[in-house]
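By convention in this document, chain letters (A, B, ...) are assigned in the order of the sequence lines, proteins followed by strands, and residues within each chain are numbered from 1. Just so you know, these numbers come straight off a predicted model, no measurement behind them.
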Number of protein chains: 2
Amino acid sequence: MTKSGTNLKKLSQHLGLSQTTVSRALNGFPEVNEKTRERVRMAARELNYQPNPSAASLATGKARQIGHVIPLSDHTMINPHFSDFIAGAGEAYARLGYDMLLRVVAQRDEHEVYRDFANRRRVDAVVVHGPLRGDGRIDLLQQLELPFLVHGRDGRDEASYSWLDVDNAGSFRDATTFLIERGHHDIALVNGLETMNFAHQRMQGYRAALQEGNIDPRRDLLHSADMVEPYGYHATHELLGLSKPPSAIIYSSILVAMGGARALSEIGCKIGSDIAVIIYDDALSFLASAGEETSPNAPFFTSMRSSIRDAGRRAAEMLIKSIDHGSADHVHELWEPEFVLGASTGDAP
Amino acid sequence: MTKSGTNLKKLSQHLGLSQTTVSRALNGFPEVNEKTRERVRMAARELNYQPNPSAASLATGKARQIGHVIPLSDHTMINPHFSDFIAGAGEAYARLGYDMLLRVVAQRDEHEVYRDFANRRRVDAVVVHGPLRGDGRIDLLQQLELPFLVHGRDGRDEASYSWLDVDNAGSFRDATTFLIERGHHDIALVNGLETMNFAHQRMQGYRAALQEGNIDPRRDLLHSADMVEPYGYHATHELLGLSKPPSAIIYSSILVAMGGARALSEIGCKIGSDIAVIIYDDALSFLASAGEETSPNAPFFTSMRSSIRDAGRRAAEMLIKSIDHGSADHVHELWEPEFVLGASTGDAP
DNA sequence: TTGTAGGCGTTATCAA
DNA sequence: TTGATAACGCCTACAA
């Protein structure tokens with residue numbers, strides 16, 4: 001069966017040592033004679049020995065794999081935000097000797113996948129994407145005692161699990177306040193799906209700023225849907241068609257903003273002069289912060305920016321660290337997006 | 001160690017049968033008494049028994065995992081094209097009982113990863129993404145005897161490995177010819193990186209059409225780079241700044257075209273009337289063929305369209321089928337993109 | 001500092 | 001039709 005692969009047995013025979021010693025030498029056990037260890041290392045390199053992960057996993061109970069589940073409701077999560085996160089996380093995994101296991105399933109089967117993961121011990125932990133407000137996956141994973149980290153939060157007891165999130169409420173509040181202070185009154189929010197907690201947080205931040213500015217929120221200035229390009233296009237057309245259109249729009253994603261820009265250019269409405277725009281920018285790598293280079297001085301879009309790829313990298317690190325240390329403590333990180341002043345909110349003061 | 005998981009031993013004891021029989025019953029061996037099999041199945045469901053993949057893999061030599069390597073040169077492959085492919089493939093894997101293993105590494109380490117895969121038998125096969133012209137990964141995989149399927153081709157002996165590709169040359173030739181027949185003479189191609197074979201194929205198709213139309217190719221109408229949005233923007237600005245600007249532009253990706261559209265709208269150049277545009281459309285799900293719904297009758301962009309997500313799904317199926325059947329034959333599929341007439345090439349005749 | 005022996009949970013071979 | 005028994009390749013008490 002073993003075609004050409006060197007295994008522990010062969011290697012130890014080649015060295016005239018026991019498998020135990022060889023294993024210990026390679027795994028950095030302190031009791032091994034340094035001379036022996038060096039000899040073993042040389043031979044291992046020479047014979048190109050790599051431990052078989054299935055055997056190791058069977059023996060240790062550790063899979064050295066982290067699971068990511070992509071729920072396939074419609075086209076929802078297969079979006080660039082997700083892929084950038086994955087890229088960052090994957091980078092960290094590779095560095096730390098872990099593999100990423102991806103499972104794409106219908107949304108209603110996601111719980112079953114976690115059960116399967118826990119049951120078969122195929123992964124040591126999972127990353128939960130796109131938490132809803134009060135997300136059943138979190139309860140399930142706790143019950144299954146499968147370690148996990150959430151990218152985002154679910155709005156409930158946040159001390160009871162590990163997460164990495166950005167300050168959605170704070171940044172949207174600040175952005176809204178920024179617009180109010182510049183004299184805007186009718187400010188639209190083209191938001192993500194509000195069943196997702198991040199979108200809810202953003203809406204809350206927006207609302208809080210309006211309240212502080214003594215502005216009554218207008219229901220017709222609030223849109224909520226999956227953050228795809230066409231949504232931005234349609235929502236913007238609707239907004240501009242109102243009898244009292246907004247003078248400023250906040251877009252929850254650059255993707256949505258691109259659809260918005262398409263609509264605005266059709267109408268002949270110029271961003272920055274005719275209308276103010278602020279976007280939330282995940283710093284998606286394939287867009288390279290599109291518009292960044294429009295003007296040599298300032299970026300095109302005024303934005304709240306936080307790299308989702310960095311988030312993926314950091315999330316992976318946090319998770320691995322906690323499972324490697326076997327600590328049951330939960331870890332949390334709240335990132336503050338950077339506020340970037342661009343041309344889309346008019347000339348700088 | 002085993003927390004709550006039911007294993008073969010427990011299950012067989014519970015049933016008063018040997019592990020052998022239980023294993024055989026569950027794995028569909030024909031010699032098992034149907035009554036016994038049914039009894040075993042019931043008990044397995046009841047006790048929630050799932051075979052441990054590490055143990056199974058160790059015993060069979062099959063990992064039931066397919067490897068995908070994402071090279072991290074710059075930001076290259078972490079693009080939406082890739083993630084859509086992954087989504088399709090992942091769907092097929094889940095359906096067929098396989099898992100997807102993702103490894104994100106620096107480009108120069110990609111070969112090493114394949115060696116590692118082969119050596120440790122962590123995956124049963126791999127999918128090769130974004131083949132270059134004459135791609136060393138293919139030689140390596142053949143040498144390692146690790147089964148693989150290429151999404152695309154590398155321009156060499158295409159019978160020697162399995163692949164799934166779209167007819168890049170043919171569709172770009174047709175698109176170019178279409179423009180020539182409508183009276184266009186100065187046709188620009190904003191292409192992908194031509195070290196990638198798909199981009200080379202596209203350029204060849206474009207050249208062939210020009211030649212057939214007795215048009216001398218102009219070097220200044222040809223751009224080649226990573227298919228990100230800002231590239232489309234810059235390339236378009238350059239094209240429009242030429243002393244003899246093109247009357248038509250072909251964009252190699254909708255992402256690039258979005259950058260192009262941004263530039264054109266800045267200049268005040270109207271797509272469809274001032275300039276003709278054709279795009280290659282991978283039917284990226286999060287864009288939902290942006291512009292599709294601009295006009296109720298026709299889509300906005302005239303395009304060559306082929307779903308990259310479908311390609312991922314099909315590629316996975318082809319690969320799994322070939323490794324499950326243990327056949328050493330190579331499989332190939334060449335897809336013809338659909339030509340979709342939209343508004344961006346002017347009014348329909 | 002090194003070695004022996006047993007176990008991890010399956011599958012597969014050979015008998016019965 | 002079913003059952004012992006031996007791999008698969010590694011790790012890890014326990015012993016020396």
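Taking every heavy atom of residues 43-52 of chain B and every atom of DNA chain C, pairs under 4.0 Å involve B:Tyr49, B:Gln50, B:Pro51, B:Asn52, by number.
Applying the 4.0 Å criterion to OP1 and OP2 of C:dT10, one finds that B:Asn7 has every side-chain N and O outside that range. For B:Thr21, no side-chain nitrogen or oxygen approaches OP1 or OP2 of D:dT2 to under 4.0 Å. Between A:Ser23 and D:dC11 there is a side-chain polar atom (N or O) within less than 4.0 angstrom of OP1 or OP2. A:Thr36 has a side-chain polar atom (N or O) that falls below the 4.0 Å cut-off from OP1 or OP2 of C:dT2.
Checked against the 6.0 Å centroid criterion, the rings of B:Tyr49 and B:His14 do not qualify as a close aromatic pair.
When the local axes at the two ends of the helix from C:dT1-D:dA16 to C:dA16-D:dT1 are compared, using 5 base pairs at each end, they differ in direction by 40° after rounding to 10°.
Contact annotation: side chain of B:Thr60 to base of C:dA12, donor-acceptor pair absent below 3.5 Å. For C:dG3, the base has a donor-acceptor partner in the side chain of A:Arg24 [N/O atoms by modelled type, under 3.5 angstrom].
In the set C:dT10, D:dG9, D:dT12, D:dG9 carries the atom at the smallest distance from any side-chain atom of A:Leu58. Comparing D:dC11, D:dT2, D:dT12 against the side chain of A:Leu8 picks out D:dC11 as the nearest.
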Legend entry - Derivation of the ring pair (Phe, Tyr, Trp, His ring centres under 6.0 Å) call for A:His330 and A:Phe148: CA-CA 10 Å; A:His330 302 305; A:Phe148 66 100; 7.7 Å; no
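Among the heavy atoms of the strands, none lies under 4.0 Å from B:Ser57.
Projected onto DNA chain C by closest heavy-atom contact, A:Gln19 and A:Pro30 fall at different nucleotides, the more 5' of which corresponds to A:Pro30.
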